[in-house]
Amino acid sequence: MAVSSLLVPLLLLFTSSSVALGNEVGNIGHYPVVVSTWPFKEAVRAAWRAIDSGFSAVDAVVEGCSACEELRCDGTVGPGGSPDENGETTLDALVMNGATMEVGAVAAMRYVKDGIKAARLVMQHTRHTLLVGEQASAFAISMGLQGPTNLSSSDSIQKWSKWKKDRCQPNFWKNIVPVDRCGPYHPKEIAELGEGTCSNANLMAAVESRSSHIGLHNHDTISMAVIGKEGHIAVGTSTNGATYKIPGRVGDGPIAGSSSYADDEVGACGATGDGDIMMRFLPCYQVVESMRLGMEPKLAAQDAIRRIARKFPDFVGAVFAINKNGLHAGACHGWTFQYSVRSLEMEDVEVFTVHP
């Protein structure tokens with residue numbers, strides 16, 4: 001009797017602690033689970049339907065990100081958004097299998113609208129990790145994806161035309177001349193030598209706070225993590241990059257460990273924000289490795305964001321973290337972040353809000 005009376009409260013304590021720890025949410029060992037950056041509910045629903053139909057975690061990630069590409073989520077995913085300086089839309093995408101650690105990715109891909117499907121083809125049919133530019137497009141088309149097709153839209157061209165009329169401001173150049181109009185640009189130091197002066201005046205005239213370049217509707221990403229019915233984990237990322245980026249620019253989207261990362265033994269992470277800054281820190285690799293060392297998702301996410309903010313206090317970005325048991329959390333800097341979740345305990349997708 002004494003042993004039984006002790007077991008009951010201990011069992012209750014364990015059960016209650018498995019439901020929520022701090023601000024983290026999740027049930028230990030309960031999956032499948034789908035998590036995505038931002039309130040991209042239709043994308044999460046598409047991934048959930050795939051899992052519910054018996055698809056693998058990788059396939060569910062592809063289904064979810066493809067839905068976002070087709071819907072052109074916030075104009076920052078898929079074709080028809082985020083024109084570069086030449087008015088062209090290009091795509092970056094990545095998919096990662098947390099069971100095998102295989103990765104497929106494409107970057108600066110032109111003329112093919114299915115970014116995440118192209119990334120999966122790289123993973124399935126090559127021994128490479130990343131293909132870029134027109135060669136990535138040629139590969140995707142040769143493997144059966146539709147193309148070549150114009151990835152621009154009337155909205156993206158209109159946005160680009162207005163930007164040109166505004167003297168190409170803001171842009172991503174620095175330490176150049178001219179500072180107040182469209183290019184071609186030249187290094188400021190060369191111009192100063194030509195003028196016979198070493199003045200540093202107005203050296204940073206064209207450099208604004210990076211936060212003025214980055215926002216919810218001009219630089220965004222869908223990063224998605226799926227834990228399948230058998231506990232296998234996959235992640236995927238799709239984006240059309242930073243609006244008015246310098247042609248050829250590749251951000252964190254197709255970089256494993258930066259925009260997303262997964263390991264069946266630990267969990268997964270997805271990121272969004274200023275990819276040029278964030279990719280220097282591999283925040284999602286950091287999150288997963290911190291969880292491997294015993295950190296809970298919330299602390300791991302906060303730690304990864306703080307590492308970036310210490311060096312770049314005006315950067316804008318966020319991550320979500322989910323461990324292999326389905327416990328999830330988020331952290332952000334410079335903006336209020338939202339991420340979407342669907343799990344067995346939910347009747348539909350739920351959106352969680354994280355404040356800086």
Centre-to-centre under 6.0 Å for Phe352 and His328, is that the case here?
yes
Could you tell me whether the side chain of Lys324 reaches within less than 4.5 Å of the side chain of Val266, counting heavy atoms only?
no
Atom NE2 of His125: over 12 foreign heavy atoms under 6.0 Å
yes
Euclidean distance, Met291 CE relative to Leu293 CG, rounded to 0.5 Å:
11.0 Å
Pair Asp263 + Arg292: basic N to acidic O under 4.0 Å
yes
Once the angle between the rings of Phe312 and Phe281 is folded into 0 to 90°, is it parallel (under 30°), tilted (30 to 60°) or perpendicular (over 60°)?
perpendicular
Could you state the interatomic distance from CZ (Arg181) to CG (Asp166), rounded to the nearest 0.5 Å?
16.0 Å
Asp155/Lys159 ion pair, N-O < 4.0 Å
no
Separation of Ser156 OG from Asn150 CG (nearest 0.5 Å)
7.5 Å
Do any N or O atoms from the side chain of Ser66 and from the backbone of Glu63 form a donor-acceptor pair under 3.5 angstrom?
no
CG on Leu131 to OG1 on Thr126, rounded to 0.5 Å
5.5 Å
Glu85 and Trp173: side chain donor to acceptor below 3.5 Å
yes
Assess the side chains of Thr221 and Thr237: does a donor N or O sit below 3.5 Å from an acceptor N or O?
no
Quick one: do Arg110 and Glu88 satisfy salt bridge (Lys or Arg N to Asp or Glu O under 4.0 Å)? Show the steps, please.
CA-CA 9 Å; Arg110 311 171 73 186; Glu88 183 179 5; 2.7 Å; yes
Spacing of Ile157 atom CD1 and Thr89 atom OG1 [to the nearest 0.5 Å]
7.0 Å
When you look at Asp276 and Lys245, which way does the salt bridge (Lys or Arg N to Asp or Glu O under 4.0 Å) test go after all the steps?
CA-CA 11 Å; Asp276 289 297; Lys245 60 184 175 283; over 6 Å; no
Would you indicate whether the side-chain heavy atoms of Val62 and Lys117 approach each other to under 4.5 Å?
yes
Do the side chains of Glu69 and Lys113 get close enough for a salt bridge, i.e. N-O under 4.0 angstrom?
no
Is it the case that the side chain of Asp264 and the backbone of Ile233 share a donor-acceptor pair, with hydrogens and angles ignored and the cut-off at 3.5 Å?
yes
Flag yes if Leu130 and Leu94 sit in one hydrophobic cluster, no otherwise; membership is Ile, Leu, Val, Met, Phe, Trp, Tyr, and two members link when side-chain heavy atoms are under 4.5 Å apart.
no
Are any of the side-chain nitrogens in Arg120 or Asp59 under 4.0 Å away from the carboxylate oxygens of its partner?
yes
How long is the straight-line distance from CH2 of Trp160 back to SG of Cys168, given to the nearest 0.5 Å?
8.5 Å
Between Phe337 and Trp38, how do the two ring planes meet: parallel, tilted or perpendicular, split at 30° and 60°?
perpendicular
With the threshold set at 4.0 Å, does a side-chain nitrogen-carboxylate oxygen contact exist between Asp348 and Lys41?
no
Does a sphere of radius 6.0 Å around CD in Gln124 hold more than 12 heavy atoms from other residues, nucleotides or ligands, not counting ones at 6.0 Å or beyond?
yes
Would you indicate whether Tyr285, at its atom OH, is surrounded by more than 12 heavy atoms from other residues, nucleotides or ligands within a distance under 6.0 Å?
no
Do Val61 and Met109 land in one hydrophobic cluster if side-chain heavy atoms of ILVMFWY residues count as linked below 4.5 Å?
no
